[in-house]
Amino acid sequence: MSFDRKIKIAPSILSADFANFGAEIRAIEAEGADWVHVDVMDGHFVPNLTFGPMAVKAFRPHVKTVMDVHLMIAPVDPYIDAYADAGADVLTAHIEAGPHIHRTLQAIRGAGMKAGVALNPGTPAEAVAHLLDLTDLICVMTVNPGFGGQKFIDMTAKIARLREMIGDRPVHIEIDGGVDPKTAPLVAQAGADVLVAGSAVFRGGSVDNPGVYGQNIREIRAAAEGVWA
Ligand SMILES: O=C(CO)[C@H](O)[C@H](O)COP(=O)(O)O
Ligand SMILES: [Fe+2]
């Protein structure tokens, strides 16, 4: 997995057909997804429950791009090896999930994965000031985590501040929540390069009609890249 700051669209399979994950993943990749975003929720850190490492391991053979696993769980550390074994490329933990995020990021890298740190809307950019050399990705939540399809919360000032703090380090800024063709330009202009989108990618399509996924992905990408035109 090499580093670049081009816009990457990462559909969240939280909005996919839960009875058909393999086909859904193959469809979004065939239709232009750059990464596949996998939302793990524990019904404790967030008020919703999705799937765990066994399911994520079953997704792995279908993912040919980058498997980007967003943990919305607490605690994180006891499960790091299980997600490494499941084949996560990027493993992201929330800074709010426990007191020892520094140790968690070291452990994620130690297990051979790229380490991500996610920030809830109420957490300031400065919370990662001492983590910048331990992280490969900062995920800025633009909704309160737990559910797809929520309204975008404007975090552009936080994104711009993070881009400034990151300087020339090879750290991605990922945006998660409410990304669509209207909000994508705002976050791209502020400095984001990985755009997670669940409902805006899967809306209107299906594995039998995957062209809609492609159209949705192209619209988000064009809107985001348009800011540089
Ligand atoms: O982490 C998440 C929710 O906690 C999801 O990745 C996110 O909400 C994507 O869904 P949408 O694009 O529909 O907002
Ligand atoms: Fe997510």
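Because the structure is a prediction, the values reported are computed rather than measured. Every number for a ligand or one of its atoms is a count from 1 in the order of the listing.
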For ligand 1, is there an N or O atom under 3.5 Å from any N or O atom of Q150?
no
Give the minimum heavy-atom separation between C139 and T92, together with the two atoms involved.
CB-CG2, 4.2 Å
For M72, the ligand 1 atoms with a heavy-atom partner under 4.0 Å come out as 1 (O), 4 (O)
Mind listing the closest non-hydrogen atom pair of V196 and S12 along with its distance?
CG1-CB, 3.9 Å
What protein heavy atom sits nearest atom 14 (O) of ligand 1, and how far away is it?
G178 N, 2.9 Å
Enumerated ligand 1 atoms positioned under 4.0 Å from heavy atoms of V196
6 (O)
Assess whether side chain to side chain contact (heavy atoms under 4.5 Å, CB included) is satisfied between I7 and I220, documenting all intermediate values.
CA-CA 10 Å; I7 294 293; I220 298 168; over 6 Å; no
Going by the atom numbers of ligand 1, which of them fall below 4.0 Å from some non-hydrogen atom of G177?
14 (O)
Atom name in H70, limited to N/O/S, at shortest distance from the Fe ion (ligand 2)
ND1
Going by atom types alone, do D176 and H37 pair a side-chain donor with an acceptor below 3.5 Å?
yes
Selected option - heavy-atom contact closest to atom 13 (O) of ligand 1, from S15, G198, S12, S199:
S199
Would you mind telling me which of V38, D89, D39, V90 makes a side chain to side chain contact (heavy atoms under 4.5 Å, CB included) with V69?
V38
Between D208 and S206, a side-chain donor and acceptor under 3.5 Å
no
The Fe ion (ligand 2) has as its nearest N, O or S atom from D39 the atom OD1
Apply side chain to side chain contact (heavy atoms under 4.5 Å, CB included) to residues N216 and E31 and explain how you reach the verdict.
CA-CA 9 Å; N216 291 341; E31 294 294 334; over 6 Å; no
To which protein heavy atom is atom 4 (O) of ligand 1 closest, and what is the distance rounded to 0.1 Å?
G146 N, 2.8 Å
Under 4.0 Å from a heavy atom of H70: give me the atoms of ligand 1 that qualify, with their elements.
1 (O)
Have a look at D176, L71, T183, D180 and point out the one with the heavy atom closest to atom 1 (O) of ligand 1.
D176
Determine the interplanar angle of the H70 and H94 rings, folded into 0 to 90°, and report it as parallel if under 30°, tilted if 30 to 60°, perpendicular if over 60°.
parallel
Near G149, which atoms of ligand 1 are under 4.0 Å from a heavy atom of that residue?
11 (P), 13 (O), 14 (O)
For atom 8 (O) of ligand 1, find the nearest protein heavy atom and state the residue, atom name and distance (0.1 Å precision).
F147 O, 3.3 Å
Kindly confirm whether the Fe ion (ligand 2) is within less than 2.8 Å of some N/O/S atom in H37?
yes
Heavy-atom distances under 4.0 Å are what count here, so tell me which part of A197 touches ligand 1: side chain, backbone, both or neither.
backbone
Would you please classify the geometry between the F51 ring and the F21 ring as parallel, tilted or perpendicular, with 30° and 60° separating the classes?
perpendicular
Going by the order shown, which atoms of ligand 1 are within less than 4.0 Å of some heavy atom of H37?
6 (O)
For D176, the N, O or S atom at the shortest distance from the Fe ion (ligand 2) is OD2
For D39, atoms of ligand 1 separated by under 4.0 Å from a heavy atom:
1 (O), 2 (C), 5 (C), 6 (O)
Would you say that L186 contacts F152 through its side chain, given a criterion of any heavy-atom pair below 4.5 Å between the two side chains?
yes
Donor-acceptor pair between R103 and Q106 side chains, under 3.5 angstrom:
no
Taking atom CG of L14 and atom CE of M72, what is their separation to the nearest 0.5 Å?
7.0 Å
Using a 4.0 Å cutoff against the non-hydrogen atoms of P145, which atoms of ligand 1 qualify?
4 (O)
